[in-house]
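Heads up: the structure comes next, in structure tokens.
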Amino acid sequence: MNTLTAFWNIFVKDMRTYYLKPPNISWGLIFPLAWTGMFFLKSGSGLESIPSLLPGLVAISILFGTTSMLSVTVTFEKKNRSFERLLLAPISLKSLMLAKTGGAIVFGVVNAFIPVIMAAFFADISQLRLIVFLPAVFFIAVASTFLGLFIAVSVSEVFEAQTFSNFFRFPMIFLCGLFFPISRLPMLLRPVSYALPLTYGADMLHGSIGGGNAMPLLLDLALLILFCAALFAASLWNIKRKWIA
Amino acid sequence: MTDAVNVSGLKKRFGEVEAVAGISFSVRQGELFGFLGPNGAGKTTTINMLTGLARPDSGTFSIGGIDCLENPRGAQHLIGVVPDESNLYPELSGFDNLSFCGALYGMRKTEREARARELLDSFGLAGAGSRKFSGYSKGMKRKLTIAAGIMHSPGILFLDEPTTGIDVASARQVRALIQDLHDRGTTIFLTTHYIEEAERLCGRIAFIVSGRIVRTDTVENLLQPILKKHVVHITCESLAEGIREDLASSFQGLAFTLPQNSMIRAEADSPVPVGPVVRFLEEAGAVVLEARRIRPSLEDVFVEVTGIESNAMQSEKRNGGGR
Ligand SMILES: Nc1ncnc2c1ncn2[C@@H]1O[C@H](COP(=O)(O)OP(=O)(O)O)[C@@H](O)[C@H]1O
Ligand SMILES: [Mg+2]
């Protein structure tokens, strides 16, 4: 019960002080918009291509909404030392990190719906299978938040958190099959793709709209969850080693 | 009764620097225990290890009877921590900061809001409760940081240099608050580099220098040997070269030092013959401005035990900045 009170208040405070701030909300809107526009211009295709672009746009929105937000806020709190206050609280590191990541996960999930809502204005997306889409969105948000956590643990400056996030995110756009299938990547790069959790999430998203998944959806889901667990465990281990030095 | 804090052979090294070099001490229930030492002595490192923010290289310690080697964060619910620099949220109001800190310890909303108001009131911050923490003055920040540390009414409180870097009036208020907490039964572990502060507040003091405790005792016991000493400070307009040696050879049984420019300190086991000393100085051409009997203080003990000049502690702090 005590842990629950602490957990909830950390979550609410982060929501209020970071995620629901106007600049963050507007970034969440601008990014998907900009990407959508860019892809339309580049492909020269019409509105009928929206369903095939949607999975990639959703994935990008989540990725950009979560990774840097979490790593920047955690790095910021480490710098002004308020993070120490959290480390002093009588709750387990696991609960603490789940509370800290909770805000970013919710933010990522909300971001995922921005391109969906925009697409709904221009195209028929009634074939969207929510039963596949929702778990995909949720676990992509979890995986990319934990990636942000991993980054937060590895850096000590806010700008490093930004740079390091981009180092991961931009290659992932091309490596994880967001806009063109992995089978079109050079042979050498494909193992890298399969080592990235977003590959499986993106495959699920493709499966949720138009049924274009390359692997069985349940396998995608299982691997995605496995990646989440592994990233969380690695971050926790890292935190114990680096923050309580 | 188990000790509130029990430390044995605690060590911590940062690369080449042995920050804490094997210290042992215990803090009894209800005691106000002081860690007195210059900047870089290892005070903050010790607190960080005891509160679970840093991992010791070796040694053991327990807090409230809980073995913290087995269970490094197992005593977190028993302790409150006030760090040397405020670690509150700049974008939250004073009130919200306190309420949030209470929530971290599982306090319910009504309970923690009542407690936050009570603390803001008793810390003289009631008018600033709804203002953002980032706009507070240094003294207000320190007071709110202390309030945050005691939101959950911990039995054991760690205070790292609570009066460093704030104005004199705030420092006086903070010392009164600490005294008050102690009077109500809170066990307090306090670090400071102000000798006078340690003397005034603490029941027992450990002198820490370069990561080692060189002496631990009650203020009373520490002062005992020097209370019998008689000390006189004589201030002159200026002093001639070699006057100290001249005095020493003329007055056997008196020890003379020059703690400041144009000040002579005479020390003896029996009352100092002020008249003859002053006459001697005047005959040597000095203009004596003042001769004053000094009550020996902890400062003298500290200087004697550690070999560190007390004014060196102050200047070191000023140059060293705040760690
Ligand atoms: N994180 C750290 N990395 C490297 N050296 C450190 C670190 N923390 C403290 N030190 C060093 O350890 C020594 C003790 O520091 P500290 O415990 O902060 O002293 P105090 O609080 O008594 O001023 C100092 O020499 C300081 O430079
Ligand atoms: Mg310190």
Side-chain angles (χ1 to χ4, degrees), chain A residues 1-25 69 72-100 102-103 153 156 158 236-245, chain B residues 12-15 19 44-45 47-57 66 71-93 96-109 111-112 132-134 145 148-149 151-152 154 158 160 322:
Chain A
M1 198 58 202
N2 281 356
T3 296
L4 212 64
T5 306
F7 187 100
W8 176 246
N9 278 278
I10 293 171
F11 177 82
V12 169
K13 185 201 75 72
D14 280 1
M15 271 301 184
R16 225 180 262 158
T17 48
Y18 302 128
Y19 300 106
L20 295 182
K21 281 277 158 71
N24 291 322
I25 295 177
M69 273 308 279
V72 166
T73 54
V74 169
T75 315
F76 176 70
E77 290 193 358
K78 271 197 290 172
K79 273 236 107 65
N80 76 17
R81 299 185 58 180
S82 51
F83 205 83
E84 278 179 15
R85 180 140 317 266
L86 302 177
L87 290 174
L88 288 169
I91 53 175
S92 68
L93 279 181
K94 212 181 283 167
S95 314
L96 173 59
M97 292 332 294
L98 283 176
K100 278 317 258 188
V153 184
S156 50
V158 172
L236 211 59
W237 181 79
N238 231 341
I239 286 166
K240 281 190 194 145
R241 216 171 39 104
K242 293 189 76 173
W243 289 354
I244 306 177
Chain B
K12 179 81 182 174
R13 164 183 284 285
F14 294 105
T44 299
T45 306
I47 287 202
N48 284 347
M49 287 192 281
L50 297 182
T51 56
L53 292 177
R55 192 171 294 127
D57 293 338
I66 296 169
N71 191 0
R73 290 161 51 80
Q76 303 277 45
H77 61 290
L78 300 177
I79 63 171
V81 185
V82 180
D84 50 355
E85 275 170 62
S86 64
N87 61 357
L88 292 170
Y89 296 91
E91 68 280 1
L92 292 188
S93 71
D96 287 345
N97 261 303
L98 292 186
S99 177
F100 179 72
C101 290
L104 290 179
Y105 291 82
M107 290 169 78
R108 298 284 164 283
K109 196 174 163 75
E111 183 193 4
R112 59 179 194 256
K132 271 193 182 183
F133 181 68
S134 56
T145 311
M151 262 301 280
H152 58 294
F158 291 87
D160 197 2

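In the text below, chain A, chain B and the rest are named by the order of the sequence lines, each starting its count at 1.
More than 12 non-hydrogen atoms from other residues, nucleotides or ligands lie less than 6.0 angstrom from CZ of Arg241(A).
For the residue pair Glu85(B) and Arg81(A), the shortest heavy atom distance occurs at CB-NH1, 3.6 Å. Taking each heavy atom of Gln76(B) and Pro90(A) in turn, the nearest pair found is CB-CA, 3.7 Å. The minimum heavy-atom distance between Leu104(B) and Ala6(A), with the atom names listed, is O-CB, 3.7 Å. In this structure, Ser92(A) and Arg73(B) approach most closely via the heavy-atom pair C-NH2, 4.1 Å.
Heavy-atom distances place no part of Ser99(B) under 4.5 Å from chain A, backbone and side chain included. Proximity to chain A (any heavy atom under 4.5 Å) is restricted, for Leu92(B), to the side chain, taken from C-beta onward. With a threshold of 4.5 angstrom between heavy atoms, Met107(B) approaches chain A through N, CA, C or O but not through any side-chain atom. Ala148(B) touches chain A through backbone and side chain together, each having a heavy atom under 4.5 Å away. Residue contact with chain A, scored on non-hydrogen atoms closer than 4.5 Å, is absent for Lys109(B). For Thr3(A), no part lies near chain B; criterion is any non-hydrogen pair under 4.5 Å.
The line from NZ of Lys13(A) to CG of Asp96(B) is 10.5 Å long, rounded to the nearest 0.5 Å. The NE2 atom of His77(B) sits 14.0 Å away from atom CG of Leu88(A), with the distance rounded to the nearest 0.5 Å. How far CZ of Arg85(A) is from CZ of Phe100(B): 9.5 Å, rounded to the nearest 0.5 Å.
Ranked by heavy-atom pairs shorter than 4.5 Å toward chain A, the options Pro72(B), Ala103(B), Gly149(B) are led by Ala103(B). Between chain B and the options Ile10(A), Val12(A), Leu4(A), heavy-atom pairs under 4.5 Å are most frequent for Ile10(A).
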*List the steps and the verdict of side-chain hydrogen bond (donor to acceptor under 3.5 Å, both in side chains) for Arg112(B) and Asn9(A).*
CA-CA 12 Å; Arg112(B) 59 179 194 256; Asn9(A) 278 278; 3.1 Å; yes
